[in-house]
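In what follows, a single structure is set out as structure tokens and then discussed.
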Amino acid sequence: MNPVIEMKHVKKAYDQNTIIEDLNVSIDPGEFVTIVGSSGCGKTTFLKMINGLILPTAGDIFVNGKNLKDVDLIQLRRNIGYVIQGSVLFPHMTVRENIAYVPTLWNKKNKQATKDAVQKWMDIVGLDPSMMDRYPHELSGGQQQRVGIARALAASPDILLMDEPFGAVDAITRSQLQNEIKRIHQQTGITILFVTHDIEEALVLGTKVMVMDHGEIVQFDRPQELMDHPTNDFVVSLVNHHPY
Ligand SMILES: Nc1ncnc2c1ncn2[C@@H]1O[C@H](COP(=O)(O)OP(=O)(O)O)[C@@H](O)[C@H]1O
Ligand SMILES: [Mg+2]
């Protein structure tokens, strides 16, 4: 199986400050990779290098086998969904218009196809059709987050990057959204990279868990393997905070 994402000797420095020294990783298609690590260790930087929002200082990044140095980054981002914490919806557009944003660009002559897509994705993320004509400020945090996910998925990406997507919602909504995203992953087979600071969330959602510390990947394994065979004290301390 060819990896969907590959990093080879990736280095990232902000001015003189090296955040990532030498990162090497390979991610297979269809994995749900959860990424955990302390604040400031480079998780967001790692994620943003995959969709070209941040460029590496050195090294190579391949997405679907193509070196990002050789691809049009705008084109690349059309194929990579990106969901972050809090509302990043277009405030002056309704739920329908937000979700329809990308499908409308494609289906210029087929309005029904866009309509169908909006309905389908609202259904998948668990949004009631009555929300369709509301504006973002008329929704709860959890509902806004669902619209954000639906909007990202409606563009039919093969990769979904999620940066602490459920960080700002209450515990009940959070556990509902966790179930939704797990189901979406199973239904679509999309590759997901999901940053969280919550080890429990990482172990529950991930088919693989990536533990980062100071810009290094200290372990990248199946959740069970991580719990049974943590590679160093940092992973041990993470896993020991896990309540079960
Ligand atoms: N644009 C930037 N300029 C300078 N330093 C940055 C910039 N973005 C992030 N950093 C620094 O890089 C480190 C990693 O940041 P980040 O990837 O956001 O970490 P995380 O998401 O794991 O909390 C932090 O020390 C942060 O302060
Ligand atoms: Mg971050």
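FYI, side chains are in, hydrogens and waters are out, and symmetry mates aren't considered; it's all heavy atoms of this structure.
Relative orientation of the Y135 and H137 rings is parallel, given thresholds of 30° and 60° on the angle between their planes.
In this structure a side-chain-to-backbone donor-acceptor pair under 3.5 Å is present from Q219 to T231. A donor-acceptor pair under 3.5 Å links the side-chain atoms of N98 to the main chain of T94, judged by distance alone. Side chain of T188 to main chain of I184: a donor-acceptor pair is present (N/O by atom type, distance under 3.5 Å, no hydrogens or angles). No donor-acceptor pair closer than 3.5 Å links the side chain of D128 to the backbone N or O of M131. Checking side-chain atoms of Q143 against main-chain N and O of P136 turns up no donor-acceptor pair under 3.5 Å. Checked by atom type and distance alone, the side chain of D221 never pairs as donor or acceptor with a backbone atom of L226 at under 3.5 Å. Within the 3.5 Å criterion, the main-chain N or O of S38 finds a donor-acceptor partner in the side chain of K43. Between the side chain of Q119 and the backbone N or O of D116, no donor-acceptor pair lies under 3.5 Å.
The structure places CD1 of I192 at 10.5 Å from OG1 of T34, a figure rounded to the nearest 0.5 Å.
Listed by first and then second residue, the salt bridge (charged side-chain N to carboxylate O under 4.0 Å, His left out) pairs involving residues 131-144 are R96-D133 (not counting sequence neighbours). Listed by first then second residue, pairs satisfying ring pair (Phe, Tyr, Trp, His ring centres under 6.0 Å) with a partner in residues 146-173 read F166-F194, not counting sequence neighbours. Listed by first then second residue, pairs satisfying salt bridge (charged side-chain N to carboxylate O under 4.0 Å, His left out) with a partner in residues 117-127 number zero, not counting sequence neighbours. Residue pairs meeting the salt bridge (charged side-chain N to carboxylate O under 4.0 Å, His left out) criterion with at least one member in residues 174-199, sequence neighbours excluded, are R146-E180, R174-D198, R174-E201, E180-R183.
Listed by chain and residue number, D60, N67 satisfy the side chain to side chain contact (heavy atoms under 4.5 Å, CB included) test with K69 (two or more places apart in sequence, or in another chain). For Q224, the side-chain hydrogen bond (donor to acceptor under 3.5 Å, both in side chains) test picks out D228, with sequence neighbours left out. By the side-chain hydrogen bond (donor to acceptor under 3.5 Å, both in side chains) test, S39 is found to be paired with no residue, residues two or more places apart in sequence or in another chain being considered. Not counting sequence neighbours, P129 has no partner by the side chain to side chain contact (heavy atoms under 4.5 Å, CB included) test. By the side-chain hydrogen bond (donor to acceptor under 3.5 Å, both in side chains) test, S26 pairs with no residue at all, sequence neighbours left out. Residues satisfying the side-chain hydrogen bond (donor to acceptor under 3.5 Å, both in side chains) test with Q187, not counting sequence neighbours, are none.
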Practice problem: Apply side chain to side chain contact (heavy atoms under 4.5 Å, CB included) to the pair F46 and V195, showing each step before the final yes or no. | Solution: CA-CA 10 Å; F46 173 74; V195 170; over 6 Å; no

Self-check item: Pair I84-E164, side chain to side chain contact (heavy atoms under 4.5 Å, CB included): steps then yes or no
Solution: CA-CA 6 Å; I84 61 175; E164 308 206 27; over 6 Å; no

Exercise. Determine, step by step, whether N51 and R77 satisfy the side chain to side chain donor-acceptor pair (under 3.5 Å) criterion, reporting the C-alpha distance in whole Å, the side-chain angles of both residues, the deciding distance to 0.1 Å, and the verdict.
Key: CA-CA 6 Å; N51 63 7; R77 282 181 212 128; 4.9 Å; no

Self-check item: Working for side chain to side chain contact (heavy atoms under 4.5 Å, CB included), residues M7 and F62
Solution: CA-CA 6 Å; M7 291 203 183; F62 301 85; over 6 Å; no

Exercise. May I have the step-by-step check of side chain to side chain contact (heavy atoms under 4.5 Å, CB included) for L47 and I35, ending in yes or no?
Key: CA-CA 9 Å; L47 221 55; I35 303 165; 4.1 Å; yes

Quiz item: Run the side chain to side chain donor-acceptor pair (under 3.5 Å) check on T173 and D170 step by step: do they pass?
Solution: CA-CA 6 Å; T173 306; D170 62 84; 2.8 Å; yes

Identify all side-chain donor-acceptor contacts of residues 207-218 below 3.5 Å with residues at least two apart in sequence or on another chain.
unit_1: T207; atom_1: OG1; unit_2: E31; atom_2: OE1; d: 2.6
unit_1: T207; atom_1: OG1; unit_2: F32; atom_2: N; d: 2.8
unit_1: T207; atom_1: OG1; unit_2: F32; atom_2: O; d: 3.2

Counting only pairs under 3.5 Å, give me each side-chain donor-acceptor contact of residues 155-163, with atom names and distances, residues two or more places apart or in other chains.
unit_1: D158; atom_1: OD2; unit_2: N64; atom_2: ND2; d: 3.2
unit_1: D158; atom_1: OD2; unit_2: N79; atom_2: ND2; d: 2.9
unit_1: D163; atom_1: OD2; unit_2: T44; atom_2: OG1; d: 2.7

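Closest of all the heavy-atom pairs between A100 and V118 is CB-CG2, 3.7 Å. The shortest non-hydrogen separation linking A154 to I99 is CB-O, 3.6 Å. Here the closest non-hydrogen pair linking L68 and L73 is O-CD2, 4.2 Å. Taking each heavy atom of D28 and T191 in turn, the nearest pair found is O-CG2, 4.1 Å. The two atoms that bring V88 and R151 nearest to each other are O-NH2, 3.1 Å, heavy atoms only. Residues V36 and A202 share a closest heavy-atom pair of CG1-CB, 3.6 Å.
Side chains of Q145 and P165 form a contact here, defined as non-hydrogen atoms less than 4.5 Å apart. Counting only heavy atoms from C-beta outward, the side chains of N24 and D22 approach each other to under 4.5 Å. M49 is not listed as a side-chain neighbour of L55, based on a closest heavy-atom distance of 4.5 Å or more. Looking only at side-chain heavy atoms (C-beta outward), L203 and P223 come within less than 4.5 Å of each other. The closest side-chain heavy-atom distance from I5 to L193 is below 4.5 Å. Side-chain contact between I61 and V10 is present, with at least one heavy-atom pair separated by less than 4.5 Å.
Heavy-atom contacts from other residues, nucleotides or ligands closer than 6.0 Å to OH of Y101 number 12 or fewer. Around CD of E6, the count of heavy atoms belonging to other residues, nucleotides or ligands within 6.0 Å exceeds 12. More than 12 heavy atoms of other residues, nucleotides or ligands shown are found within 6.0 angstrom of CG on D72.
In this structure, K12 is positioned above the aromatic face of Y14, its NZ or CZ under 6.0 Å from the six-membered ring centre and within 45° of the axis.
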